[in-house]
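Naming: A, B, ... by sequence-line order, numbering from 1 per chain. Below, each value reflects all heavy atoms present in this structure, side chains not excepted, and no hydrogens, waters or symmetry copies.
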Amino acid sequence: MPTFRAPRGTRDLLPEDAARFLDFARVARDLTDRYGYRPIETPVFEQAAVFERGIGEVTDVVEKELFRIAPRTDEAEAWALRPEPTAGIARAYVQHGMKTWPQPVRLTTIGPMFRYDRPQAGRYRQFWQFDVEAIGDPGPAIDAEIIELGTRFYAEAGVAGVEVLVNSIGDAACRPRYLQALGRYYAGVGEALPAAERERLGRNALRLLDSKDPAMVPINAAAPRITDHLCDACSEHFAAVRAHLEALGVPHRVEASLVRGLDYYTRTAFEFYVAGRSGQQQALGGGGRYDGLIELMGGQPTPGIGFGLGLDRVALVLDEQGSEASGAGARAVDAARRPDAVVVSADPADTVGRLQVATQLRASGLAARADLGARKLGRQMEAAARDGAHFAVILGVEQADGQVQLRDLKAGTQRLVALADLGREVGRAVKQHRHGDAG
RNA sequence: GUGGCCUUAGCUCAACCGGCAGAGCAGCGGAUUGUGGUUCCGCAGGUUAUGGGUUCGACCCCCAUAGGCCACCCCA
């Protein structure tokens, strides 16, 4: 019906949601500061080849979800909006010679990602991720640090019931052998293998492992497990990652069917998952080790590990979980946004006076808003009360004596205050009130 | 990309079997002219998602498109 609306799969974050996303960013910033991860901002678009090469040509993300930008001229590069942040950060690592920095380079970013997907609740074409990467350390201790950091974020954001699923998907030494074994196994299943699955077999046998087809349950139960086919190095690495998680007290579960959709992952793969949700978007975030990615970006062989957390899904789960809890949280945030004072005037035409007094209050560090409407005093008071303002500063004939009425809207009391003392008076009352609240 | 369900005011929803599109909330204004979140009254807000079709007559039936949702594919 409206002439224009937000593109399919995108949405406007109205003040309530936008403020919440900024709160997430604040939590993320505080957290990563404490862990020593430094912020990085890379472009939201890159040469398409960065993603095609990094993520893998035959992945869903590249094959059907990449937001490509039509070239303007014949010479123009093929650009694409980033579907995930890691490839771009890896590119930046190589471009800026970060190999000369103290290793590992700990980086974090937060921002919008883009995938041309079919939208659903919790799945958007533009979505927000909190991302953390550690490049230059082969692990396994850093793997545990990263995973623990992820769980900490959920805890501090107020999400309950997040489970950590971990797996190892091997490396260049052992994964090919495993894939052969897996391929042979599925081929041997013959007619019992559903047609759709048989088709996927030729493309990526790993994908059959997490099939949701009921017919696949018994078949997968007997399938060879990657963890039984790891080379010694990968096996030891995986065991050490789990030992570190145990030592850090991070509950986790080995999930043999956990494979990830991007080609660059090696060894450690993990997902943050919340069970018991309606809807299928149960993965709140995930990541893994990518020991070959920097090389794909043109750098020297360099290990790395990281994760991306979907903030849209964090918001969704927060809404579903104790709506009371998040509601109270939202109200608490709102309370912090309430103006200390609203300046109203008996003279609806006097916008200058209201602006001047509000400006004076703000200069004193107070949250003050002028009611600039041409409404009569009663309406202005009504609006101030509805906004939850602590005080109303009422401008009237007393201005001639350099005074204003200072009305405490919570207490219902009112007194004359000299304009010159206004900031101090309001400031003191507000401070006292806050102390009272805290105690 | 595949299959299914849905779409009425800014929001949440009504409207009998196909017979004059309504309410609550939110917004704005008024209630004898300088004081409140309650109350009362009023105003505004709609081409019933869009475009076709059937019918004397369509919010209601049919088709298409768009968007949302659900299940897949896949993932955050």
Sort out the partner of [N] for me: Watson-Crick or G-U wobble, both distances under 3.5 Å, none otherwise.
N: B:G3; value: B:C70
N: B:C60; value: none
N: B:U33; value: none
N: B:A15; value: none
N: B:U55; value: none
N: B:G27; value: B:C43

Residues in contact with RNA chain B, drawn from [range] - heavy-atom cutoff 4.0 Å:
range: residues 368-382 of chain A; answer: A:R375, A:K376, A:L377, A:G378, A:R379, A:M381, A:E382
range: residues 25-34 of chain A; answer: none
range: residues 403-411 of chain A; answer: A:Q405, A:R407, A:D408, A:L409

Whole angstrom is fine here: how far is it from [atom1] in [X] over to [atom2] in [N]?
X: A:L14; N: B:C11; atom1: CG; atom2: C1'; result: 12 Å
X: A:R5; N: B:U7; atom1: CZ; atom2: P; result: 15 Å
X: A:R386; N: B:C25; atom1: CZ; atom2: P; result: 13 Å
X: A:R123; N: B:A71; atom1: CZ; atom2: P; result: 9 Å
X: A:L316; N: B:G68; atom1: CG; atom2: P; result: 15 Å
X: A:E16; N: B:G10; atom1: CD; atom2: C1'; result: 15 Å
X: A:D60; N: B:C72; atom1: CG; atom2: C1'; result: 12 Å
X: A:R8; N: B:U50; atom1: CZ; atom2: C1'; result: 16 Å

All N/O contacts under 3.5 Å from nucleotides 3-5 of chain B to the protein, with atom names and distances to one decimal?
residue	atom	partner	partner atom	Å
B:G3	O6	A:R118	NH2	3.0

Quiz item: Taking the nucleotide of RNA chain B with the closest heavy atom to each, which residue, A:D387 or A:Y154, is nearer the 5' end?
Solution: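 Result: A:D387.
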
Rounded [atom1] spacing from [N] to [M] in Å:
N: B:U8; M: B:C13; atom1: P; answer: 9 Å
N: B:G18; M: B:G10; atom1: P; answer: 28 Å
N: B:G37; M: B:U32; atom1: P; answer: 14 Å
N: B:C59; M: B:G42; atom1: C1'; answer: 28 Å
N: B:C40; M: B:U54; atom1: C1'; answer: 49 Å
N: B:G67; M: B:G24; atom1: C1'; answer: 26 Å
N: B:C72; M: B:A15; atom1: P; answer: 33 Å
N: B:U55; M: B:C61; atom1: C1'; answer: 10 Å

Quiz item: Looking at the rings of A:F24 and A:F130, which for Trp means the six-membered one, are their centres under 6.0 Å apart?
Solution: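 Not under 6.0 Å, so no.
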
Quiz item: Taking the six-membered ring for Trp, is the centroid-to-centroid distance between A:Y116 and A:F114 below 6.0 Å?
Solution: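 A:Y116 vs A:F114: aromatic centres not under 6.0 Å.
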
Quiz item: When we call it a touch if two heavy atoms are under 4.0 Å apart, what does A:E398 touch: a base, just sugar-phosphate, or nothing?
Solution: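 Contact class for A:E398: base.
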
Quiz item: Within the structure shown, what part of the strands sits under 4.0 Å from A:R115 by heavy-atom distance: base, sugar-phosphate, or nothing?
Solution: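 Here A:R115 touches the bases of the nucleic acid.
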
Quiz item: Would A:R11 and A:D17 count as a salt bridge (charged side-chain N to carboxylate O under 4.0 Å, His left out) if you check the C-alpha gap in whole Å, the side-chain angles of each, and the deciding distance to 0.1 Å?
Solution: CA-CA 11 Å; A:R11 62 200 179 128; A:D17 288 326; 5.1 Å; no

Quiz item: Can you tell if the side chain of A:V357 reaches within under 4.5 Å of the side chain of A:L419, non-hydrogen atoms only?
Solution: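 Heavy-atom side-chain distance check passes, below 4.5 Å.
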
Quiz item: Quick one: are A:Y35 and A:R106 in side-chain contact, heavy atoms under 4.5 Å?
Solution: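 When only atoms from C-beta onward are counted, A:R106 and A:Y35 do not touch, as no gap falls below 4.5 Å.
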
Quiz prompt | A:K64 (side chain) and B:C73 (base): donor-acceptor pair under 3.5 Å | solution =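 Such a pair exists between side chain and base.
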
Self-check item: Side-chain donor/acceptor contact of A:E63 with base of B:G1 under 3.5 Å
Solution: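 When only heavy-atom distances are counted, A:E63 does not reach the base of B:G1 through any donor-acceptor pair under 3.5 Å.
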
Quiz prompt | Pairing of A:R26 and A:D30 as salt bridge, 4.0 angstrom limit | solution =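 Salt bridge: no.
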
Quiz item: Say you draw a straight line from CG of A:L248 to CD1 of A:I147; how long is it, rounded to the nearest 0.5 Å?
Solution: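 That separation rounds to 10.0 Å.
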
Quiz item: Which residue pairs pass the salt bridge (charged side-chain N to carboxylate O under 4.0 Å, His left out) test when at least one of the two sits in residues 47-56 of chain A, sequence neighbours left out?
Solution: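 For residues 47-56 of chain A: A:E52-A:R68.
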
Quiz item: Going by the salt bridge (charged side-chain N to carboxylate O under 4.0 Å, His left out) test, which pairs reach into residues 386-404 of chain A, not counting sequence neighbours?
Solution: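 Qualifying pairs: A:R369-A:D387, A:E382-A:R386.
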
Self-check item: Residues A:V61, A:E84; criterion side chain to side chain contact (heavy atoms under 4.5 Å, CB included); working and verdict
Solution: CA-CA 9 Å; A:V61 168; A:E84 53 87 53; 5.5 Å; no

Self-check item: Qualifying residue for ring-ring contact (aromatic ring centres under 6.0 Å, His included) with A:Y154, from A:Y273, A:F272, A:F307
Solution: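 Per the ring-ring contact (aromatic ring centres under 6.0 Å, His included) rule, the option paired with A:Y154 is A:F272, out of A:Y273, A:F272, A:F307.
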
Quiz item: Does a donor on one side chain sit under 3.5 Å from an acceptor on the other, for A:Q129 and A:R82?
Solution: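 Short answer, no.
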
Quiz item: Any idea which of B:G36, B:A71, B:G34 is nearest the A:A346 side chain?
Solution: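 Per side-chain heavy atoms of A:A346, the pick is B:G34.
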
Quiz prompt | Smallest separation among heavy atoms of A:R289 and A:I142, with atom names | solution =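 For A:R289 versus A:I142, the nearest heavy atoms are NH2-CG2, 3.3 Å.
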
Quiz item: Taking it one step at a time, do A:T10 and A:Y124 satisfy side chain to side chain contact (heavy atoms under 4.5 Å, CB included)?
Solution: CA-CA 6 Å; A:T10 71; A:Y124 303 96; over 6 Å; no

